[in-house]
Amino acid sequence: MTSDGPPENVVQDQVRSLLENEMIRLWEPPYTTENKDATPELKILAEKYALQLCIDLRNVESILESLRCTSLQGLSAKKTFEDTGLATIRITYTSNGKRKEKTRLTTKLNISAGDLRAEIAQLTGMNEGHVKLIMNSKVLKMDRSLAEQNVKNNSLIMVMQITVTEEEAKEQEMVFQEEMKEQDECKAKISRTRKGAEILAQHGENSNVPYLEIADQKGRPIPIPAEEKKALLLAMTLHEKGRAFMKKRDYASALLYLLDADEEFGKCGSELLNTVDNHAVLQLEVVWCFLQLEQLDCLRDAEERLRRAQTRLNNCYGENLERLYNLKGSTANEQVLYLRLKLLQGVVLYHKGKLQQARKHLNEAEILLGKLCVDDKKVVQLMSLGFTAQEARLGLRACDDDINFAASHIYQRREEKAEIRRKERAERKRKKQEAINSLVALGYSEKAAAKAFRSANNNLEHAIEILQYSPEPFYQDDEAGPSTRIEISDEAINQSHQKRNEKNVKLWKRFWPTSQNMKRTTLT
């Protein structure tokens, strides 16, 4: 192919589209003989398509022959599976030389994914412990059989190499438990991330401390059923971890986290997913990882994910952003998501050979980009007034680059957030006092109840355990017993804490910074 021509995969998709439209079967006569050889008719067809697509004849001939051979291999694999039960699995991976490679394996479908991983590692020369298998955008579980995970004859599996094995991650966890000095959250691995996220979600169910809230565009908390909230928080934590790896350009690791997050989002109700934009953003970032990893075999899945993202955004904001405008009075900042969507749609369609549709989406992305650009000098002026660069950019976008309106807008947003925080603090204080009153009603002093509640991280059930472990009796009121109230000893608190899983407590502390950095979900 000439250097200035379209990429091979684009030409291949164009040729395949023509074959489908004309219902041509290259593996049958007149294009294939009984001996499975190509006929002169194949060259005639190549000349026709080369003229139609304005592409070099040799390239079209090569692609047609490749498609014909692939079809024949598929038929042979199907017959082998019917006769022997041995399935053919298509494998794509990146070699040590950073080249994209394809191969095939024949295997029984009752073996585990771990056994298949061992075969792939031996075939490709990869370190088995560093290999993850992905099919249909889902990471295969190593302890389950291929059949259980819907792997079929002629399935396509993508092989990903990660930088650290699960065993090495466990060793790092042991070092962390002993020293408690490692602070680099990006080094946490998938298994530990999931566990930490589960602990955070569980903490949210049992605590009055809102370590993480689901809020609308103005910062008001959104009420969500407990089960859906747990799944949503777990999905958001995994999503945030994936984004951290994306910032480091470790797209292979990021993709694994993002696919896990997508699985957790799937446990949330459709009504919830139509209310928040996080699931739509996740789809955009999965597709970005596909493109960065040059996984062009995933283009069909990428196109479906982008369609899903557009549906979610439309449901969340309105077909013409009318819901968003009614709520906020502007739509500029959220249009960044539509810019990313249009850009990715254009790139994916280009690689699928749909050049006219790709051009349309890319032109729309360019128009959006022009609308969202702000004057750097105005950003500097707003920063001189004490605003952050992010506040300045968002304010200018929301106010059509008008610096005076932008300053007022930022002040107003700050006041709205401050008012919401004041109300939240008052509500937390009220709930805390209610819990302390409940403990006082059981016969404990207010001072002891407050200390127990504080030591229990504002968990009422845990506070009761702490009080029950106190070695001294408590009196029913201030008139009875000694004049000095009995304090809760540190020993009592420690005894109660020992009943808790120490590893979970450490993981909870470890993942607190992640929860603080997570994006608040949007829109009621």
Side-chain angles (χ1 to χ4, degrees), residues 132 134 136-141 143-144 148-150 185 188-217 219-246 253-287 289 301 304-305 308-309 311-313 315-316 337 459 501 503-504 507-508 510-524:
K132 292 284 186 180
I134 299 176
N136 295 334
S137 298
K138 291 185 178 180
V139 181
L140 296 184
K141 304 287 191 301
D143 58 344
R144 296 177 58 190
E148 286 179 307
Q149 301 181 77
N150 206 32
E185 187 63 31
K189 301 308 169 204
I190 292 178
S191 60
R192 199 166 62 204
T193 301
R194 177 175 288 275
K195 183 62 177 175
E198 289 172 350
I199 293 168
L200 285 173
Q202 188 66 33
H203 174 76
E205 293 177 358
N206 299 328
S207 173
N208 292 323
V209 179
Y211 70 96
L212 177 66
E213 288 181 333
I214 315 300
D216 64 17
Q217 285 282 357
R220 294 185 295 251
I222 301 174
I224 298 174
E227 283 302 314
E228 288 196 13
K229 182 176 182 180
K230 183 176 180 180
L232 180 61
L233 296 184
L234 180 53
M236 289 171 64
T237 305
L238 294 167
H239 186 183
E240 189 66 22
K241 290 294 296 180
R243 296 175 77 178
F245 277 106
M246 288 180 69
S253 298
L255 182 59
L256 297 174
Y257 282 106
L258 296 177
L259 293 178
D260 268 4
D262 191 40
E263 185 177 347
E264 292 302 324
F265 271 119
K267 298 177 183 178
C268 301
S270 58
E271 183 177 352
L272 174 61
L273 295 181
N274 288 333
T275 303
V276 299
D277 66 3
N278 297 69
H279 194 226
V281 174
L282 175 68
Q283 305 308 314
L284 300 180
E285 287 169 346
V286 168
V287 174
C289 286
D301 181 48
E304 171 59 25
R305 286 182 179 277
R308 196 181 309 155
T311 300
R312 297 292 188 208
L313 289 174
N315 291 338
C316 182
L337 296 178
N459 184 294
N501 188 316
K503 182 179 180 180
N504 286 356
L507 282 169
W508 182 87
R510 181 72 179 276
F511 281 91
W512 180 272
T514 300
S515 70
Q516 300 295 66
N517 293 328
M518 285 167 60
K519 177 180 180 291
R520 292 160 73 90
T521 62
T522 56
L523 240 72
T524 54

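Scanning for side-chain hydrogen bond (donor to acceptor under 3.5 Å, both in side chains) contacts around D301 gives S137, R305, with sequence neighbours left out. When the ring-ring contact (aromatic ring centres under 6.0 Å, His included) test is applied to H239, no partner is found at least two apart in sequence or on another chain. With sequence neighbours left out, the side-chain hydrogen bond (donor to acceptor under 3.5 Å, both in side chains) criterion links R308 to Q283. In this structure K138 satisfies the side chain to side chain contact (heavy atoms under 4.5 Å, CB included) test with no other residue, sequence neighbours excluded.
The two residues F265 and L282 make their nearest non-hydrogen contact at CD1-CD2, 3.5 Å. Between C289 and A254, the shortest heavy-atom contact is SG-CB, 4.1 Å. Among all heavy-atom pairs drawn from F245 and S253, the shortest one is CD2-CB, 3.8 Å. E264 and A235 make their closest contact through CB-CB, 3.6 Å (heavy atoms, listed as atom of the first residue, atom of the second, distance).
Contact check for M246 versus L258: side-chain heavy atoms found under the 4.5 Å cut-off. Looking only at side-chain heavy atoms (C-beta outward), D277 and L337 come within less than 4.5 Å of each other. Side-chain contact between I134 and L140: absent, with no pair of heavy atoms (C-beta onward) separated by less than 4.5 Å.
Q149 places a side-chain N or O within donor-acceptor distance of the main-chain N or O of R144, the cut-off being under 3.5 Å.
To the nearest 0.5 angstrom, M236 atom CE is 10.0 Å from C268 atom SG. In this structure, the separation between CG on D260 and CG on L256 is 7.5 Å, given to the nearest 0.5 Å. Rounding to the nearest 0.5 Å gives a distance of 9.0 Å between OG1 of T237 and CG of L232.
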